[in-house]
Amino acid sequence: MNEMTTEAAAQDAAQSDAAETASADAVEEVHSPANETVAEVEDAADAAADEGDEEDRLVEEGEIAGDYLEQLLDVLDFDGDIDLDVDGDRAVVSIDGGDDLTKLVGRKGEVLDALQELTRLAVQQATGDRSRLMLDVARWRADRRDRLARLGTEVANRVAEKGGREALDPMTPFERKIVHDAVAAVAGVVSESEGVEPKRHVVVIKTD
């Protein structure tokens with residue numbers, strides 16, 4: 001009787017060991033390179049879906065802004081063609097083609113900035129989310145971007161050659177970023193922002 005009990009216990013132990021081995025094999029299979037590759041593919045698919053959702057959201061922002069601006073132009077009796085685009089993480093709306101559009105830009109873009117803020121508020125009211133939409137009228141911002149990029153490059157090259165440091169005029173955060181990007185492309189110099197708004201400005205400095 002004792003021999004049978006011992007034999008049964010041995011069989012149970014063997015079965016238990018086999019079950020543990022099978023369980024370990026199953027765990028190892030879950031963490032195999034093949035499954036890791038599947039997980040990476042799934043992660044990439046999720047990231048692509050998120051990017052698609054983000055682009056769709058920005059396109060929707062642009063369409064809402066376009067409708068709002070079209071109505072505004074009608075009220076103001078201005079002519080202009082509205083173009084919608086996406087640039088990085090921003091929706092971009094441009095108004096071109098009208099004869100009097102410079103009136104919507106104002107001195108140093110002050111009217112344009114106010115109009116951009118109104119458009120962002122209109123988008124936020126429609127979507128419930130804060131908008132970082134960028135509005136351009138008569139290519140004022142595009143031309144300003146080109147001029148600032150050239151200025152940043154010229155100052156950076158001058159400082160790299162002569163040394164020292166050179167301060168630029170006060171700019172908005174958007175304008176300072178354009179200059180910083182231009183300076184970063186020139187070897188031997190760095191740029192920093194100094195001062196407080198509205199007099200915060202870029203300083204270009206020669207490195208050792």
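All residue numbers in this chain count up from 1 along the given sequence.
- Contact detail for Ala182 and Ala149: the closest heavy-atom pair is CB-O, 3.5 Å.
- Hydrophobic clustering (ILVMFWY, side-chain heavy atoms < 4.5 Å, transitive): Trp140 and Val111 are in distinct clusters.
- In this structure, Ser191 contributes its side chain and Val203 its backbone to no donor-acceptor pair below 3.5 Å.
- Closest heavy-atom contact between Pro170 and Pro198: CB-O, 3.7 Å.
- Here the straight-line distance linking atom CZ of Arg120 with atom CD of Glu117 works out to 6.0 Å at 0.5 Å rounding.
- Side-chain contact between Glu197 and Pro173 is present, with heavy atoms from C-beta onward closer than 4.5 Å.
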- Item | Test log, rule side-chain contact (heavy atoms from CB on, under 4.5 Å), inputs Thr119 and Val93 | CA-CA 10 Å; Thr119 306; Val93 181; 5.9 Å; no
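- Side chain of Glu175 to backbone of Thr172: a donor-acceptor contact under 3.5 angstrom is found.
- Within the model, atoms CG of Asp89 and CZ of Arg57 stand 8.5 Å from one another, a figure rounded to the nearest 0.5 Å.
- The side-chain heavy atoms of Val189 and Val183, taken from C-beta on, include a pair separated by under 4.5 Å.
- With a 4.5 Å cut-off on side-chain heavy atoms, Leu135 and Leu69 count as touching.
- Side-chain contact between Asp96 and Val137 is absent, with no heavy atoms from C-beta onward closer than 4.5 Å.
- Hydrophobic clustering of Ile, Leu, Val, Met, Phe, Trp and Tyr side chains at less than 4.5 Å, counting indirect connections, keeps Val190 apart from Leu168.
- Ile64 contributes atom CD1, which lies 4.5 Å from atom CD of Glu60 (distance to the nearest 0.5 angstrom).
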- Task: Please step through side-chain contact (heavy atoms from CB on, under 4.5 Å) for the pair Met134 and Asp85, ending with a clear verdict.
- Result: CA-CA 10 Å; Met134 183 170 295; Asp85 197 3; over 6 Å; no
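- Two residues are said to be in side-chain contact when any heavy atoms from C-beta on lie closer than 4.5 Å; Val92 and Asp87 meet this criterion.
- A donor-acceptor contact closer than 3.5 angstrom links the side chains of Gln116 and Arg141.
- Shown here for Ala91 and Gly62, the closest heavy-atom pair between the two residues is CB-N, 4.0 Å.
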- Message: Show, in sequence, the C-alpha distance, side-chain angles and deciding distance for Val202 and Val179, and conclude whether the side-chain contact (heavy atoms from CB on, under 4.5 Å) test is met.
- Response: CA-CA 8 Å; Val202 175; Val179 175; 3.9 Å; yes
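- A 4.5 Å side-chain heavy-atom check between Val186 and Asn157 finds at least one atom pair inside the cut-off.
- Closest of all the heavy-atom pairs between Ala142 and Asp136 is N-OD2, 3.1 Å.
- Side-chain contact between Ile95 and Asp81 is absent, with no heavy-atom pair separated by less than 4.5 Å.
- The two residues Gly66 and Leu84 come nearest to each other via the heavy atoms CA-CD2, 4.3 Å.
- With a 4.5 Å cut-off on side-chain heavy atoms, Arg147 and Asp143 count as touching.
- In this structure, CG on Asp100 lies 5.5 Å from CZ on Phe78, to the nearest 0.5 angstrom.
- Distance check, rounded to the nearest 0.5 Å: CG of Leu58 to CZ of Arg132 gives 9.5 Å.
- A salt bridge links Lys177 to Asp181: at least one charged side-chain nitrogen sits closer than 4.0 Å to a carboxylate oxygen.
- Residue Glu194 forms a salt bridge (Lys or Arg N to Asp or Glu O under 4.0 Å) with just one option from Lys199, Arg200, Arg165, and that option is Arg165.
- By the rule that hydrophobic residues join a cluster once side-chain heavy atoms approach within less than 4.5 Å of another member, Leu118 and Leu72 end up as members of one cluster.
- Hydrophobic clustering (ILVMFWY, side-chain heavy atoms < 4.5 Å, transitive): Val59 and Ile82 are in distinct clusters.
- A donor-acceptor contact under 3.5 angstrom links the side chains of Glu61 and Ser131, judged on distance only.
- Atoms NZ and CE, from Lys108 and Met171 in turn, are 11.0 Å apart once rounded to the nearest 0.5 Å.
- Residues Ala65 and Leu133 approach most closely at CB-CD1, 3.4 Å, considering heavy atoms.
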